[in-house]
Participant: 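Structure in structure tokens, see below.
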Amino acid sequence: MATPPVLGPVGELVPDVERIAVLRANALGDFIFTLPALDALRSAYPSAEIVLLGAPWHAQLWRERPGPVDRVLVVPPAPGIRDPGPDGSPADPDEFLATARAERFDVALQVHGGGANSNPFVAGLGARVTAGLRADGAPALDRWLRYVYYQHEVIRYLEVAALVGAPATTITPTLAVTDADRAEATAVLGSPTRPRVALHPGATDTRRRWPPQRFAEVARELTADGYEVLVTGTPAEQETVDAVVAAAGVPVRPQVGTLSLGGLAGAYADCALVVSNDTGPLHLAGAVGAPTVGIFWVGNLINGASPLRGRHRPIAAWTTHCPVCGVDCTPGIYPHRPGDGECSHRVSFVADVPTAEVVEAAREVLTPPPSSP
């Protein structure tokens, strides 16, 4: 008797597949969530070429990196597909689709959202079989799965891969760290003289940001425990990193724009712990093997927190009403509940997480701590 699939129904394999396109052209954390689905595709179609339709940074990250992606095609900026950027990519989606059709994709997967914009884009690739997600009002693909907002992102994309006969082989996103990644990290940071911890206090959505003063308190506690503390951030997060450094009152090492994405992967891979808001670097850290403590708004915890507890501790903020105006921010997802669910305020929804909880979780993952310097 065949073993039933772990994550639900599995569709039929597509015969004679030579080339598979996968659309996922948005942010870092979003891409990390798709890695198990890409692994499933590689296992089910071992001889097929898997082509990621992504952003310029995907192409840079995946250059000479082992893993399930064979090649990256940079998609042009287009509504609902990819935000514009100064990267020199073709500006005309129709021109891109004409070029992509010449690739003769056998299978094209949409793991890019609800499909209002992305499903027509994927259908335009001309693949023999298309599959993906479909929200209310979005056009259908050949094989599709209803997009339901509150579902863990990893499982969501594994279910899409299963539509084309690719059952899950893992639920754990894993990104290979290359020698070049580690060499860059060492060139920038030097060799550690004591175990390192990284703090990442930024996030694109300000509602996901734990206050810098709280990160500073964590820095003080872990420095006293004997750890070297890095504070990482993008150039857009310079002010936030500076606030953590100023409030910490102990020697920490800010790293803003000093490392490429690969170099950051190499740095995190050698950290004893990464403490971060719910943002791309947190998920990158987990994918390269670092233990993590993540601060999550409860809704985002459902969609993005690792379900594993051997080396990960997500801390939930249970705020559902705007701290400024008191609007219940859940009815946008649950329209039958009272309230309009939306407000214009972008203050932190995770500020109520106590520092003590994060420090306690960090020490639990780090046990036993190093000797104090």
Participant: Identify all side-chain donor-acceptor contacts of residues 53-60 below 3.5 Å with residues at least two apart in sequence or on another chain.
Facilitator:
{"residue": "W57", "atom": "NE1", "partner": "N26", "partner atom": "O", "Å": "3.4"}
{"residue": "H58", "atom": "ND1", "partner": "A55", "partner atom": "N", "Å": "2.7"}

Participant: Specify the closest pair of heavy atoms between C325 and C343, including all atoms of both residues, with the distance to one decimal.
Facilitator: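 Of all heavy-atom pairs spanning C325 and C343, the closest is SG-CB, 3.7 Å.
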Participant: Of all heavy-atom pairs between D70 and A48, which one has the smallest distance, and what is that distance?
Facilitator: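 Looking at all heavy atoms of both residues, the closest pair is OD2-O, 3.6 Å.
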Participant: Could you pull out every donor-acceptor pair under 3.5 Å between side chains of residues 258-265 and any protein atom, sequence neighbours left out?
Facilitator:
{"residue": "T258", "atom": "OG1", "partner": "Q255", "partner atom": "OE1", "Å": "2.7"}
{"residue": "S260", "atom": "OG", "partner": "E184", "partner atom": "OE1", "Å": "2.7"}
{"residue": "S260", "atom": "OG", "partner": "E184", "partner atom": "OE2", "Å": "3.1"}
{"residue": "S260", "atom": "OG", "partner": "G262", "partner atom": "N", "Å": "3.4"}
{"residue": "S260", "atom": "OG", "partner": "G263", "partner atom": "N", "Å": "3.1"}

Participant: Looking only at heavy atoms, what is the nearest atom pair of P291 and A272, with distance?
Facilitator: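 Closest heavy-atom pair between P291 and A272: CG-O, 3.3 Å.
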Participant: Do the ring planes of W210 and F215 sit parallel (below 30°), tilted (30 to 60°) or perpendicular (above 60°)?
Facilitator: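 Geometry flag for F215 against W210: perpendicular rings.
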Participant: Identify, with sequence neighbours excluded, every residue that meets side-chain contact (heavy atoms from CB on, under 4.5 Å) alongside R104.
Facilitator: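 With neighbours one apart ignored, the set is empty.
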Participant: Enumerate the salt bridge (Lys or Arg N to Asp or Glu O under 4.0 Å) contacts for residues 106-123, please, sequence neighbours excluded, ordered by first and then second residue.
Facilitator: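 Checked against salt bridge (Lys or Arg N to Asp or Glu O under 4.0 Å) - neighbours excluded - the pairs reaching residues 106-123 are D106-R128.
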Participant: Give the table of side-chain donor-acceptor pairs shorter than 3.5 Å for residues 28-40, with sequence neighbours excluded, one pair per line with atom names and distance.
Facilitator:
{"residue": "D30", "atom": "OD2", "partner": "A27", "partner atom": "N", "Å": "3.3"}
{"residue": "T34", "atom": "OG1", "partner": "F31", "partner atom": "O", "Å": "2.6"}

Participant: Got a sec, which pairs hit salt bridge (Lys or Arg N to Asp or Glu O under 4.0 Å) with one end in residues 313-335, sequence neighbours left out?
Facilitator: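 Output for this query lists R313-E364.
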Participant: Of all heavy-atom pairs between P370 and G226, which one has the smallest distance, and what is that distance?
Facilitator: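 Shortest heavy-atom separation between P370 and G226 comes out as CG-O, 3.7 Å.
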Participant: Please list all pairs passing the side-chain hydrogen bond (donor to acceptor under 3.5 Å, both in side chains) test where one or both residues lie in residues 282-294, with sequence neighbours left out.
Facilitator: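 Qualifying pairs: D278-H283, T292-H312.
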Participant: Hey, could you give me the CG/OG1 distance between D352 and T319, rounded to the nearest 0.5 Å?
Facilitator: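 Rounded to the nearest 0.5 Å, the CG-OG1 separation comes out at 3.5 Å.
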Participant: Go through the structure and list residues passing side-chain hydrogen bond (donor to acceptor under 3.5 Å, both in side chains) with H152, not counting sequence neighbours.
Facilitator: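 Testing H152 for side-chain hydrogen bond (donor to acceptor under 3.5 Å, both in side chains), a comparison that skips the adjacent residues, returns none.
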Participant: If the condition is side-chain hydrogen bond (donor to acceptor under 3.5 Å, both in side chains), which residues does Q151 pass it with, not counting sequence neighbours?
Facilitator: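 Partners of Q151 under the side-chain hydrogen bond (donor to acceptor under 3.5 Å, both in side chains) test: E159.
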Participant: With a 4.5 Å heavy-atom cut-off, do L133 and Y157 have their side chains touching?
Facilitator: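 Of all side-chain heavy-atom pairs linking Y157 with L133, at least one is under 4.5 Å.
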Participant: Through direct or indirect side-chain contacts below 4.5 angstrom among Ile, Leu, Val, Met, Phe, Trp and Tyr, which residues connect to F296?
Facilitator: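 Taking Ile, Leu, Val, Met, Phe, Trp and Tyr as members, F296 shares its hydrophobic cluster with L282, L301.
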Participant: Is the positively charged end of R156 above the ring of Y147, judged by distance under 6.0 angstrom from the centroid and angle within 45° of the axis?
Facilitator: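 Cation-pi check for R156 and Y147: passes.
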Participant: Using a cut-off of 6.0 Å, state whether more than 12 heavy atoms not belonging to Q238 lie near its atom CD.
Facilitator: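 Yes, CD of Q238 has more than 12 neighbouring heavy atoms, counting only those of other groups under 6.0 Å.
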Participant: For E239, I'd like to know if atom CD has over 12 heavy atoms of other residues, nucleotides or ligands within 6.0 Å.
Facilitator: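 Incorrect, the count does not exceed 12.
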Participant: Apply side-chain contact (heavy atoms from CB on, under 4.5 Å) to V347 and list each qualifying residue two or more places apart in sequence or on a separate chain.
Facilitator: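 So V347 forms a side-chain contact (heavy atoms from CB on, under 4.5 Å) with P323, V324.
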Participant: Report yes if some heavy atom in the side chain of F121 is under 4.5 Å from a heavy atom in the side chain of F96; otherwise report no.
Facilitator: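 Of all side-chain heavy-atom pairs linking F96 with F121, at least one is under 4.5 Å.
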Participant: Distance from T234 atom OG1 to H200 atom NE2, nearest 0.5 Å?
Facilitator: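 The OG1 atom of T234 sits 6.0 Å away from the NE2 atom of H200.
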Participant: Could you pull out the closest heavy-atom pair between V241 and G233, with the gap in Å?
Facilitator: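 Closest pair (atom of V241, atom of G233, distance): CG2-CA, 4.0 Å.
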Participant: Identify the heavy atoms of L7 and A168 that sit nearest to each other, and give their distance.
Facilitator: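 The answer is CD1-CB, 3.5 Å.
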Participant: Pairs in or reaching into residues 165-178: which pass side-chain hydrogen bond (donor to acceptor under 3.5 Å, both in side chains), with residues at least two apart or in two chains?
Facilitator: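 Listed once each, the pairs are T178-D181.
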